Novice: 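A single structure is presented below for examination.
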Amino acid sequence: MSFLDEWSDLDIFVAGEFSDRALIFRTGAVISGIFDERYEAVFEQYSSTASGRLITFLITSAEADDLRSSDRLTIKNKDYLIVSLSPTYDGKLTRLVLKDG
């Protein structure tokens, strides 16, 4: 279950500016999004009891146009590496899956 599943109207996210900021090392640009670093069952296909940390940064798809896998970001004074970019919510948002960098 995504942390956004509780929101019924995503227009408030797409129309407004997100509160968390990330610096992109490669370009020096700053993007805004929703940072989520929670523990959840990400290994369900192997074990029903295993869990791990899934780190995501949700941004508008317009801001994701210039990003690519392996870009490095700084969020809340910590470095991360983009593992994947996945358009979501009818392409309006893009979910970045990160790992500690």
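All values derive from a computational prediction rather than experimental measurement. Note that these values count all heavy atoms, side chains included, but never hydrogens, waters or copies made by symmetry.
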Novice: As a quick check of understanding, evaluate side-chain contact (heavy atoms from CB on, under 4.5 Å) for Thr94 and Leu67, giving each step before the final call.
Specialist: CA-CA 10 Å; Thr94 296; Leu67 292 175; over 6 Å; no

Novice: Mind listing the closest non-hydrogen atom pair of Ser69 and Ser84 along with its distance?
Specialist: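 What the structure gives for the nearest pair is OG-CA, 4.0 Å.
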
Novice: Can you name the nearest heavy-atom pair linking Tyr80 to Glu37, along with the distance?
Specialist: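 So the minimum-distance heavy-atom pair works out to OH-OE2, 3.6 Å.
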
Novice: Who clusters with Leu23? Use side-chain heavy atoms, under 4.5 angstrom, across I, L, V, M, F, W and Y, and order the result by chain and number.
Specialist: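 Val30, listed by chain and number.
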
Novice: Excluding sequence neighbours, so at least two apart, what forms side chain to side chain donor-acceptor pair (under 3.5 Å) with Arg26?
Specialist: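 For Arg26, the residues satisfying side chain to side chain donor-acceptor pair (under 3.5 Å) (neighbours in sequence not counted) are Asp71.
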
Novice: For Asp66, check side chain to side chain donor-acceptor pair (under 3.5 Å) against everything at least two apart and list the hits.
Specialist: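 Checked Asp66 against side chain to side chain donor-acceptor pair (under 3.5 Å); zero matches.
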
Novice: Using the rule given for side-chain contact (heavy atoms from CB on, under 4.5 Å), can you reason through Ile82 versus Leu98, listing the C-alpha separation, both sets of side-chain angles and the distance that settles it, and then say yes or no?
Specialist: CA-CA 5 Å; Ile82 298 176; Leu98 311 172; 3.8 Å; yes

Novice: Taking the side chain as every heavy atom from C-beta outward, state whether Lys76 and Asp20 have any pair of such atoms under 4.5 Å apart.
Specialist: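 Of all side-chain heavy-atom pairs linking Asp20 with Lys76, at least one is under 4.5 Å.
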
Novice: Ser32 and Arg21: which non-hydrogen atoms are nearest, and at how many Å?
Specialist: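 Result for this residue pair: CB-NH1, 3.2 Å.
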
Novice: State whether the side chain of Ser61 and the backbone N or O of Leu93 hold a donor-acceptor pair below 3.5 Å, judged by distance alone.
Specialist: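 Here the side-chain-to-backbone pair exists.
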
Novice: Would you check if Phe35 and Lys78 make a side-chain contact, meaning some heavy-atom pair closer than 4.5 Å?
Specialist: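 They are not in side-chain contact.
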
Novice: Let me check something: do Phe57 and Leu81 share a hydrophobic cluster, defined by ILVMFWY side-chain heavy atoms less than 4.5 Å apart, either directly or through other members?
Specialist: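 Hydrophobic grouping puts Phe57 apart from Leu81.
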
Novice: Roughly how far, to the nearest 0.5 Å, is the CD1 atom of Ile24 from the CD atom of Glu63?
Specialist: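 Taking CD in Glu63 and CD1 in Ile24, the distance rounds to 7.5 Å.
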
Novice: Run the side chain to side chain donor-acceptor pair (under 3.5 Å) test against Thr27 and tell me which residues pass, sequence neighbours left out.
Specialist: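 Applying side chain to side chain donor-acceptor pair (under 3.5 Å) to Thr27 gives none.
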
Novice: With Ser86, which residues qualify under side chain to side chain donor-acceptor pair (under 3.5 Å), at least two apart?
Specialist: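 Partners of Ser86 under the side chain to side chain donor-acceptor pair (under 3.5 Å) test: none.
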
Novice: Quick check: are there more than 12 heavy atoms from other residues, nucleotides or ligands sitting under 6.0 Å from CG of Asp65?
Specialist: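 Count over threshold, so yes.
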
Novice: What residues join Phe25 in its hydrophobic cluster, counting side-chain heavy atom gaps under 4.5 Å, either direct or through other members?
Specialist: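 Direct or chained contacts put Phe25 with none.
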
Novice: When Leu96 is tested against each of Leu58, Val83, Leu73, Ile75 for side chain to side chain contact (heavy atoms under 4.5 Å, CB included), which residue passes?
Specialist: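 In the set Leu58, Val83, Leu73, Ile75, the residue that makes a side chain to side chain contact (heavy atoms under 4.5 Å, CB included) with Leu96 is Leu73.
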
